[in-house]
Amino acid sequence: MDYRTIEEKENGILLKGVKNFHPKHIFECGQCFRWNRIDKEDEERFQGVVHGKVLRAAINDQEVFLENVTREEFEDFFKEYFDLNRDYDKIKRVLRKDPLLKEAVAFGYGIRVLNQEPFETLISFILSSNNLIPKIKEGIRKISVNYGREINYDGETHYAFPTPLELSRATIEELRALGVGYRAKYIYETVQTIRRAELLKESEEVRELTDEEKLFLEDDLLSIAALPHDLCHKALQRYTGVGAKVADCVMLFSMKKKEAFPVDVWVKKAMVHFYGAEGNNLSKIRSFGQMQFGELSGIAQQYLFYHARENKIRIE
DNA sequence: ATCCAGGTCCCAG
DNA sequence: CTGGGACATGGA
């Protein structure tokens, strides 16, 4: 376990004896888009919207304070969200045997790979394609403001990421007006596909489905999450706007499939730079990474990505 | 102004 | 199946 004790306070919980947990690393390593830095009197603090709640997180020495979380909510949901059931010392010991990953782990020592919600993660990473992180965050924020449920906290209004039903009310034109560019169509089609599967799942209980309808059931995210790695990777790519990279991100960040190895421009640079992997061919770099890191591929990838991007690693 | 960003789609060979 | 160009958008 990466924390020793938990204490319930009036407005949150205090985790003591915490290891391998640094908010800055966790929230700025590119895996999530709804956490922002809101420092208070030069104390490093982050605020995020997760699971229909506004949370704040701060670290002081080895104590992590999570504001607006009860002990019960922590045990039921946020413990798993923060991946606190995983032993990162053990993972890092293995990864550090690789001399080049040793540097990346030393740099992002407080990274934990969050277990996020599949629908939000899917839409977020569809939005991420050929895009910049600040713009991805802005697009997700606007989608939430326009279609998500209102959350009032500490005198401010925030918005949860919409459910498939809520987002299914958006038209392509409306989405495009939020500044997401050509990805509006991808988001629209993916949401409609998911809604169709959800609706059929409900009607399945009252009537017999046709063969065609049964096929559409396979577009349900819960069913896809239950598939083994390769089938899951392929199934996700049936959604419009989802290729190998986005599918890997969804698997890694929301379906607990840590053997996924998303290859973006930065990981590609890191792999070419560190391992002399042959450039250009993304799918070769992907299998090269999985060969190298096995079931820890996704976590290794996250240390590499954070290190490469923060240090703006260049090749040639 | 041109280039680029946590890529994917679509088409030709 | 594989390789190349188009694609919205806005900041550097």
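No hydrogens, no waters, no symmetry mates; every other heavy atom, side chains included, goes into these values. First the proteins, then the strands, lettered A, B, ... as listed; each starts at 1.
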Worksheet item: Without hydrogens or angle criteria, can the side chains of A/Asn11 and A/Asn68 be said to hold a donor-acceptor pair below 3.5 Å?
Response: no
Worksheet entry | Nucleotide B/dG6, atom P - distance to NE2 of A/His307 in whole Å | 17 Å
Worksheet item: Is the ring centre of A/Tyr81 less than 6.0 Å from the ring centre of A/His51?
Response: no
Practice prompt. Give the ring-plane orientation class for A/His25 versus A/Phe107, where under 30° counts as parallel, over 60° as perpendicular and anything between as tilted.
Written response: parallel
Worksheet item: Going by atom types only, do A/Thr157 and A/Asn152 share a side-chain donor-acceptor pair under 3.5 Å?
Response: yes
Fill in: A/Tyr306 versus A/Glu28, side-chain donor and acceptor atoms under 3.5 Å
no
Worksheet entry | Sugar-phosphate only, base, or nothing, as touched by A/Val180 at under 4.0 Å among non-hydrogen atoms | nothing
Fill in: Interface with DNA chain C, restricted to residues 105-124 of chain A and to heavy atoms under 4.0 Å
none
Worksheet entry | Pairing partner (Watson-Crick or G-U wobble, both distances under 3.5 angstrom) of C/dG3 | B/dC11
Item to complete: Name the nucleic acid region contacted by A/Ala184, choosing base, sugar-phosphate or nothing; use a 4.0 angstrom heavy-atom cut-off, strictly under.
Response: nothing
Worksheet entry | Over 12 foreign heavy atoms within 6.0 Å of CD, A/Glu150 | yes
Worksheet item: Are a donor atom and an acceptor atom from the side chains of A/Arg149 and A/Ser144 found within less than 3.5 Å of each other?
Response: no
Practice prompt. Take atom CD1 of A/Ile126 and atom P of C/dT9, then tell me their distance rounded to the nearest Å.
Written response: 18 Å
Discussion item. From CZ of A/Phe261 over to P of B/dG6, roughly how many Å is that when rounded to an integer?
Written reply: 17 Å
Worksheet item: Which word best sums up how the rings of A/Phe27 and A/Trp35 line up, parallel for under 30°, tilted for 30 to 60°, or perpendicular for over 60°?
Response: parallel
Discussion item. Please report the distance, rounded to the nearest Å, between CG in A/Leu282 and P in B/dC9.
Written reply: 14 Å
Discussion item. Under a 3.5 Å threshold, yes or no: a donor from one side chain and an acceptor from the other, between A/Asn85 and A/Glu80?
Written reply: yes
Discussion item. Measuring only between side-chain heavy atoms, which start at C-beta, is A/Val113 closer than 4.5 Å to A/Arg86?
Written reply: no
Worksheet entry | Pairwise P distance, B/dG6 and C/dG3 [rounded to whole Å] | 24 Å
Fill in: Nucleotide B/dA5, atom P - distance to CZ of A/Phe33 in whole Å
15 Å
Worksheet item: With respect to A/Phe21, which candidate in A/Phe82, A/Tyr109, A/Tyr88 satisfies the ring pair (Phe, Tyr, Trp, His ring centres under 6.0 Å) definition?
Response: A/Phe82
Item to complete: Give, ordered by number, those residues of residues 230-242 of chain A having at least one heavy-atom distance below 4.0 Å to an atom of DNA chain C; if nothing qualifies, reply none.
Response: none
Discussion item. Any base atoms under 4.0 Å from A/Glu189, or only sugar-phosphate, or nothing? Heavy atoms, all strands.
Written reply: nothing
Item to complete: Determine, using ring centers only, whether A/His158 and A/Tyr153 are less than 6.0 Å apart.
Response: no
Fill in: A/Lys269 side-chain N/O to B/dA5 phosphate OP1/OP2 under 4.0 Å
yes
Worksheet item: What is the distance from CZ of A/Arg286 to P of B/dG7, rounded to the nearest Å?
Response: 15 Å
Worksheet item: Just to confirm, is there a sub-4.0 Å distance from OP1 or OP2 of B/dT8 to any side-chain nitrogen or oxygen of A/Asn131?
Response: no
Worksheet entry | Distance in angstrom units between A/Glu138 CD and B/dA5 C1', rounded | 16 Å
Discussion item. I'd like the P distance from C/dG10 over to B/dT8, given in whole Å.
Written reply: 22 Å
Discussion item. Between the base of B/dG6 and the ring of A/Trp266 - centre-to-centre under 5.5 Å, planes within under 30° - is that a stack?
Written reply: no
Item to complete: Answer with base, sugar-phosphate or nothing: what part of the nucleic acid does A/Cys32 contact at a heavy-atom distance below 4.0 Å?
Response: nothing
Practice prompt. Scan A/Tyr306 against the nucleic acid and name what it touches under 4.0 Å (heavy atoms): base, sugar-phosphate only, or nothing.
Written response: nothing
Worksheet entry | Side chains of A/Asn115 and A/Lys256, donor plus acceptor under 3.5 Å | no
Below 3.5 Å is the cut-off: list the nitrogen or oxygen pairs between protein and nucleotides 10-12 of chain C, distance only.
none

Discussion item. Tell me whether the side-chain N or O atoms of A/Tyr182 pair up with the base of B/dG7 as donor and acceptor below 3.5 Å, since no angle test is needed here.
Written reply: yes
Fill in: Minimum-distance nucleotide (side-chain atoms of A/Arg176 versus C/dA8, B/dG6, B/dT8)
C/dA8
Practice prompt. Starting at atom CG of A/Asn130, determine the distance to atom C1' of B/dC4, rounded to an integer number of angstrom.
Written response: 8 Å
Item to complete: Describe the nucleic acid contact of A/Arg183 in one word from base, sugar-phosphate, nothing, applying a heavy-atom distance below 4.0 Å.
Response: base
